[in-house]
Amino acid sequence: MEHINFLAFAMPAFFIFLFLEYKLAQRKKRPEIFNYESSVSNISIGIAERLINLFVAASFYQLYYFIYNNYRILDIPSNIFVWFALILATDFVWYWYHRLGHEVNFFWAAHIVHHHSEEFNFTAAARITTFQAVVRTGFWCILPLVGFHPTMVITMLIVHGAYSFFTHTQLIGKIKWLEYVFVTPSVHGVHHASDEKYLDKNYGDMFTFWDRIFGTFQEEEEKPKYGLTHPLKSYSFLWQHFHYYFEIYELWKRSSGFKAKWKAVFGSPAHMDQDIRPILEKRFLQDKSNPHQRLRFRNYLYIQLGICTLFLTVFTYYFDFLNLFDKIFVLTFILITLVNCGALLEQRRWIYYLEYGRIFIVSSYFLYEEDLTAFLFVPLAIMIFAEQLFSLSKRYQNVVLQLESE
């Protein structure tokens, strides 16, 4: 599990590169590259994926070893030529995983979160969900099955992931001679575009020749418009993760017969009924008279993301030394905070009660650690008393949910 401790530095490194990208965008006078709400949403999803993967990543690696030890087809040695073959094989598997992720509803439900963002920068690279990690792990299992040692596979996946991170930026322009072989930010930006000519193109992660071979390559011509063809009307942390599963279920309910229901789950996203999402958004999301109003007290969001990042970094580093109760506490605290961030962007008034829940969880944890669980009623009583005496909910909403004047 040494790789877990190494990954403790992934989030700080991410923010260092993000800061450099932001400063360079300012120097080049390109402020449109960053959008406050979208960036917060992107980072929140990235934190959640890193957090949850701490609990499941070990299972991924164990699965690779199980397949390699019991079912490998070949005994592939470790040498420079094998490493070169592995990097090609890794990107080839990625190409087909990625392509099916766009062509099959069930896989698209896991991958669509990566394409929600209407900005294209390093924060967009963070939009990976654990659902997506689980799906692609199934594809990665092909590599140890063929006979590549799991240690080699894991190492190559880290290299592969690091490379793809740096292809999510607009600050590097077209490098046409390089694009004959390697995926560049321009090439990958086309993949993130919603323009009709750019749809379902450039699935490769490191190399462009798979796309050229299978007819899915498209170079950048006009400046791309990033995001979905039908943008999501919400920054809700939970809605962004689960909306497409609801859409699949709604389509499945509408379908008659086994074939139609099968296509609802495993058919093409291009055939999804376009009236489903607006219906679900009306059912589950609040209507806002001006969805573009911005929170004035944005520093509160920055503080929460900072706390989450600090918690995640320390948690990752000491993960193997913590007991189950500690792990559940950190998991719950960070996830509630991320839901809170999404609710703030949505200006949801019920987040005040979510704040109470978070305070109660923290209080309960420390009381448990000090063997004082008999006093769990104390923080609850204090919160009820404070609310009744000072009307904290109104004060909180007036300050935290205050909007910028137009």
Side-chain angles (χ1 to χ4, degrees), residues 11 15 36-37 40-41 43-52 54-55 130 234-242 284-286 294-319 321-403:
M11 287 303 294
F15 279 102
Y36 168 76
E37 290 85 358
V40 169
S41 176
I43 293 169
S44 296
I45 289 172
I47 290 173
E49 187 266 342
R50 288 290 89 205
L51 172 68
I52 297 173
L54 285 173
F55 292 85
T130 298
S234 174
Y235 292 113
S236 166
F237 176 80
L238 293 175
W239 186 247
Q240 290 186 76
H241 275 80
F242 297 106
F284 292 106
L285 302 178
Q286 66 182 18
R294 306 181 101 193
L295 293 169
R296 176 176 294 177
F297 196 36
R298 294 196 291 272
N299 285 340
Y300 186 55
L301 274 172
Y302 291 137
I303 292 170
Q304 297 202 69
L305 287 180
I307 290 172
C308 285
T309 302
L310 178 62
F311 264 52
L312 179 59
T313 301
V314 176
F315 184 53
T316 303
Y317 191 82
Y318 290 104
F319 187 81
F321 304 100
L322 300 175
N323 61 43
L324 181 60
F325 184 77
D326 293 331
K327 292 176 180 178
I328 292 175
F329 164 70
V330 176
L331 174 70
T332 305
F333 178 83
I334 293 180
L335 288 180
I336 286 179
T337 302
L338 296 176
V339 171
N340 188 292
C341 289
L344 278 168
L345 290 174
E346 295 279 298
Q347 301 160 28
R348 300 285 187 127
R349 294 188 174 276
W350 50 257
I351 62 169
Y352 175 69
Y353 302 100
L354 197 63
E355 296 278 24
Y356 268 142
R358 187 165 55 176
I359 293 172
F360 184 71
I361 288 172
V362 173
S363 303
S364 300
Y365 174 76
F366 284 109
L367 288 172
Y368 175 84
E369 288 293 306
E370 297 299 323
D371 199 23
L372 296 171
T373 51
F375 295 94
L376 280 176
F377 69 92
V378 174
L380 186 62
I382 291 174
M383 288 187 289
I384 293 174
F385 177 76
E387 171 60 31
Q388 293 298 318
L389 187 62
F390 301 109
S391 298
L392 294 180
S393 62
K394 292 182 180 178
R395 296 174 184 269
Y396 177 91
Q397 290 168 359
N398 288 339
V399 174
V400 174
L401 296 182
Q402 191 177 156
L403 300 175

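Because only heavy atoms are used, hydrogens play no part in the values below, and waters and symmetry mates are left out as well, while side chains stay in.
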- [ ] Could you check Phe333 against Ile307 for side chain to side chain contact (heavy atoms under 4.5 Å, CB included), going step by step and ending with a plain yes or no?
- [x] CA-CA 10 Å; Phe333 178 83; Ile307 290 172; 4.0 Å; yes
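The two residues Ser44 and Leu338 come nearest to each other via the heavy atoms O-CD1, 3.5 Å. Here the shortest heavy-atom pairing between Phe237 and Ala48 reads CZ-CB, 3.4 Å. The two atoms that bring Ile334 and Leu312 nearest to each other are CD1-N, 4.1 Å, heavy atoms only.
Contacts of Glu49 classified as salt bridge (charged side-chain N to carboxylate O under 4.0 Å, His left out), with partners at least two apart in sequence or in another chain: none. Among residues two or more places apart in sequence or in another chain, the ring-ring contact (aromatic ring centres under 6.0 Å, His included) test is passed with Phe15 by none.
Taken to the nearest 0.5 Å, the CG atom of Asn340 stands 12.5 Å off from the CG atom of Leu335. Remark: Leu354 CG to Leu344 CG distance equals 9.0 Å, nearest 0.5 Å. Note that OG1 of Thr337 and CG of Leu301 are 11.0 Å apart. Values are rounded to the nearest 0.5 Å. Phe55 CZ to Ile328 CD1: the interatomic distance, rounded to the nearest 0.5 Å, is 7.5 Å. Atoms OH and SG, from Tyr302 and Cys341 in turn, are 11.5 Å apart once rounded to the nearest 0.5 Å. Expressed to the nearest 0.5 Å, how far CZ of Arg358 lies from CD1 of Ile336 amounts to 8.0 Å.
For the pair His241/Ile45, a side-chain contact is recorded, criterion being any heavy-atom separation below 4.5 Å from C-beta on. Using a 4.5 Å heavy-atom threshold, the side chains of Ile382 and Val378 count as touching. Using a 4.5 Å heavy-atom cutoff, the side chains of Leu345 and Tyr36 are in contact. Looking at heavy atoms from C-beta onward, Tyr317 lies out of side-chain contact with Val314 at the 4.5 angstrom threshold. Between Leu51 and Phe315 there is a side-chain heavy-atom pair separated by less than 4.5 Å. For the pair Leu310 and Met11, the minimum side-chain heavy-atom distance is 4.5 Å or more.
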Please table the atom pairs, donor to acceptor, closer than 3.5 Å between any side-chain atom in residues 361-373 and protein atoms at least two apart or in another chain.
| unit_1 | atom_1 | unit_2 | atom_2 | d |
| --- | --- | --- | --- | --- |
| Ser363 | OG | Ile359 | O | 2.9 |
| Ser364 | OG | Phe360 | O | 2.7 |
| Tyr365 | OH | Asp326 | OD1 | 2.7 |

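For the residue pair Gln240/Ser41, the side-chain donor-acceptor check at 3.5 Å is satisfied. Side-chain N/O atoms of Arg50 and Thr316 include no donor and acceptor closer than 3.5 Å.
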